[in-house]
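The chain is numbered in sequence order, starting from 1.
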Amino acid sequence: MIFLKFEKVFNAVICILFVMSIAFLFVLEDDTRMQIASKDIDYATVVIDPGHGGEDGGAVGEGILEKEINLDVSKKVEYILNLCGINTDMTRRTDDSLSIGSEGTVRRRKVSDIKKRVEKINETHNAFLISIHQNFFLQEKY
């Protein structure tokens, strides 16, 4: 049981280190980016997209909705990246859909949500995207 908790923490730390490493590759892409004193540096902005939201709960495992986990993980990733001095933005910060209005079918609202996410990412100058999702999951009991 203790080993499983350690393994989860270890995997989370490795994932976070991987994300930070990739982000640093984009932020410190060439020699001019290493001149931190320069005011003309054009740093990348990491846009974090917590998958699903609003009426779209995503996968469900043991009564937990994917959208909730995605948002929690995304907020933690943003916090860590900000601690490292990396510019961030998120497509959503609350349990809401980005779709326009409540009219139409669920499919239309979902398409509208995805289009709004893409629009927000494309409007962000020098953006680097991290999209957070989970697959179906079950906790093994020993």
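Each salt bridge (Lys or Arg N to Asp or Glu O under 4.0 Å) pair with one or both residues in residues 70-88, not counting sequence neighbours, appears once here: Glu78-Arg93. Judged as a salt bridge (Lys or Arg N to Asp or Glu O under 4.0 Å), the pairs with a partner in residues 47-60 (not counting sequence neighbours) are, in order, Asp49-Arg117, Glu55-Arg109, Asp56-Lys110. Within the structure, ring-ring contact (aromatic ring centres under 6.0 Å, His included) pairs that include any residue of residues 50-85 comprise His52-His133 (at least two apart or interchain).
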- [ ] Could you walk me through whether Glu119 and Lys116 pass salt bridge (Lys or Arg N to Asp or Glu O under 4.0 Å), step by step?
- [x] CA-CA 5 Å; Glu119 187 178 300; Lys116 283 293 190 186; 3.6 Å; yes

Task: Derivation of the side chain to side chain contact (heavy atoms under 4.5 Å, CB included) call for Thr45 and His125 - done: CA-CA 7 Å; Thr45 298; His125 177 70; over 6 Å; no

Open item on the list: Before you tell me yes or no, could you show the steps for Asp95 and Glu68 under side chain to side chain contact (heavy atoms under 4.5 Å, CB included), namely the whole-Å CA-CA distance, both residues' side-chain angles and the distance that decides it to 0.1 Å?
Closed with: CA-CA 8 Å; Asp95 182 21; Glu68 296 168 358; 5.7 Å; no

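Under the 4.5 Å side-chain heavy-atom criterion for Ile, Leu, Val, Met, Phe, Trp and Tyr, Ile48 and Leu98 are members of distinct hydrophobic clusters.
Every side-chain contact (heavy atoms from CB on, under 4.5 Å) that Lys115 has, sequence neighbours left out, goes to Val111. For Thr124, there are no side-chain hydrogen bond (donor to acceptor under 3.5 Å, both in side chains) partners, not counting sequence neighbours. Looking at residues two or more places apart in sequence or on another chain, you find no side-chain hydrogen bond (donor to acceptor under 3.5 Å, both in side chains) involving Asp89. Val73 is linked by a side-chain contact (heavy atoms from CB on, under 4.5 Å) to Ile69, Val77, Ile132, counting only residues two or more places apart in sequence or in another chain.
Scanning both residues, Arg92 and Pro50, for their nearest heavy atoms gives NE-O, 3.0 Å.
Gln134 places a side-chain heavy atom less than 4.5 Å from the side chain of Asn70. No side-chain heavy atom of Asn87 sits less than 4.5 Å from a side-chain heavy atom of Asn126.
Cluster partners of Val47, by chain and number: Ile121, Leu129. The rule joins Ile, Leu, Val, Met, Phe, Trp and Tyr whenever side-chain heavy atoms lie under 4.5 Å apart.
Taking CD1 of Ile114 as the start and OG1 of Thr91 as the end, the distance is 11.0 Å to the nearest 0.5 Å. Taking CG of Asp96 as the start and CG of Leu71 as the end, the distance is 9.5 Å to the nearest 0.5 Å.
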